[in-house]
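Everything on this sheet refers to the single structure shown next.
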Protein chains: 2
Amino acid sequence: MKLTTRGRYAVTAMLDLALNGDKGPISLAAISQRQDISLSYLEQLFAKLRKNDLVASVRGPGGGYRLSRCREQINVADIISAVNESTDSTSCQGKGDCQKGEACLTHHLWDGLSHQIHDFLSGISLGSLTEQNEVRRVSERQISAAEETVVNAEALNL
Amino acid sequence: MKLTTRGRYAVTAMLDLALNGDKGPISLAAISQRQDISLSYLEQLFAKLRKNDLVASVRGPGGGYRLSRCREQINVADIISAVNESTDSTSCQGKGDCQKGEACLTHHLWDGLSHQIHDFLSGISLGSLTEQNEVRRVSERQISAAEETVVNAEALNL
DNA sequence: TGTTTACCCGACTAAAAAGCTTGGTTATTT
DNA sequence: AAATAACCAAGCTTTTTAGTCGGGTAAACA
């Protein structure tokens, strides 16, 4: 499984949705602000998330995104696969033709590792993440930081 | 843990050493031929493997590399860390200062995953890999392919 | 109706990493 | 001395990542 910041961004954004999306859709602008991810990069990620039916969009003022299923039914492996369109560690995408049409020496090793990682991540749902104390604490900090920014902006007459 | 082809190459090369290095040192040229990895790229990888004391070198004709310990005492995680000099999935290298000095929402998740991958890979030694039937089969194919190349070269008066 | 909000989409770019090349030097053996 | 193979350092090419820009289009609301 390919683990890059791309997947991290996607999971973080989806977790933001799970945490803050109880009362209506969440705009990418809000996620961008809370999670420090560039808006247009988020747009690209959410295009893929939408194609993979993990989120649904609501257009127009007050619009944004919401999870397309309940948070217990979306796991981390789903999210990473959606934005990476690849879930394994082998160079041959599990086909076994890594060396001139045949399996390379370590093909089985990477194959096993891919499964290991996938199993681990698919056992973790957005729901279970939102229940973690650590996550809640960080989330609350982010919300107050965002509110503070709004207050500051108002004080400056913006 | 960072999983790229770099780590794959390194593990493959080390496994080649474990499989073929019973009778004296193995040259990088031989590994390059058998495993389809560019010689100078191998040189770079082995420089790191040597610094991390996973291999020892013998210079001069007939020289090459050998494992610095017996193959049961070298595991896959060691090898990957040696060439990547990084073993975790978090963006902050486990420090927890991913977002403006504080832990980001998913810090714990990546931290857990890192451990999961590391545990899996550190449980697999070069010794145990060499005992796998699949690995033996592929290895034998590679050796005969290499010999064939030599025969062909001789036939062409090279 | 028109303006605002926010999704949608494609192309483009900067920067980093990965993979590989070139061109040497040094140690050892034959 | 010649051949071999490790050692070393720049630099290059390709790919991936992260992000920008500039335009859309759909929906809400005043």
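Throughout, a chain's letter reflects where its sequence line sits, starting with A, and its residues are numbered from 1. Here the structure is a predicted model, which means the values were calculated and not measured.
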Rounded distance (Å) that lies between atom P of C/dA17 and atom OH of B/Tyr41: 13 Å
For the side chain of B/Ser27, starting at C-beta, report the closest nucleotide among C/dC8, D/dA6, D/dC8. D/dA6
For B/Leu54 against B/Ile79, the heavy-atom pair lying closest together: CD1-CA, 3.9 Å
CD1 of A/Ile26 versus P of C/dT5: gap in Å, rounded? 17 Å
Assign B/Phe46 to base, sugar-phosphate, or nothing according to its heavy-atom contacts below 4.0 angstrom with the strands shown. nothing
B/Tyr65 has an atom OH; how far is it from atom P of D/dT4, in whole Å? 18 Å
Just to verify, which of A/Leu45, A/Ile37, A/Leu39 counts as forming a side-chain contact (heavy atoms from CB on, under 4.5 Å) with A/Leu28? A/Leu39
Taking atom types as they are modelled, would you say the side chain of A/Glu43 forms a donor-acceptor pair with the base of C/dC7 within the 3.5 Å cutoff? no
Figure out the CG/P separation between B/Leu42 and D/dC8, and round it to whole Å. 16 Å
Sequence neighbours left out, what passes ring-ring contact (aromatic ring centres under 6.0 Å, His included) with A/Tyr41? Give chain and number order. A/Tyr9
Under 3.5 Å, is there an N or O donor on one side and an acceptor on the other linking the side chain of B/Arg59 and the base of C/dT29? no
From the options D/dA6, C/dA11, D/dA10, select the nucleotide whose nearest atom is closest to the side chain of B/Gln44. D/dA10
Among the candidates C/dC20, D/dA27, D/dA6, find the nucleotide nearest to the side-chain atoms of A/Pro61. D/dA27
Expressed as a whole number of angstroms, how long is the span from B/Leu45:CG to D/dC7:P? 14 Å
CZ of A/Arg66 versus C1' of C/dC7: gap in Å, rounded? 14 Å
Ignoring the backbone of B/Tyr9, work out which of D/dG19, C/dC20, C/dC7 is nearest its side chain. C/dC20
Could you tell me how far apart B/Arg50 (CZ) and C/dT26 (C1') are, to the nearest whole angstrom? 12 Å
Give the minimum heavy-atom separation between B/Thr12 and B/Gln35, together with the two atoms involved. CG2-OE1, 3.5 Å
Which residue, A/Gly63 or A/Ser40, contacts DNA chain C at a nucleotide closer to its 5' end, judged by nearest heavy atom? A/Gly63
Any side-chain heavy atom of B/Leu15 sitting closer than 4.5 Å to one from B/Arg71? no
Of A/Gly60 and A/Ile37, the one whose closest DNA chain D nucleotide lies more 5': A/Ile37
To the nearest Å, give me how far apart CZ (B/Arg6) and P (C/dC20) are. 12 Å
Sugar-phosphate only, base, or nothing, as touched by B/Leu39 at under 4.0 Å among non-hydrogen atoms: nothing
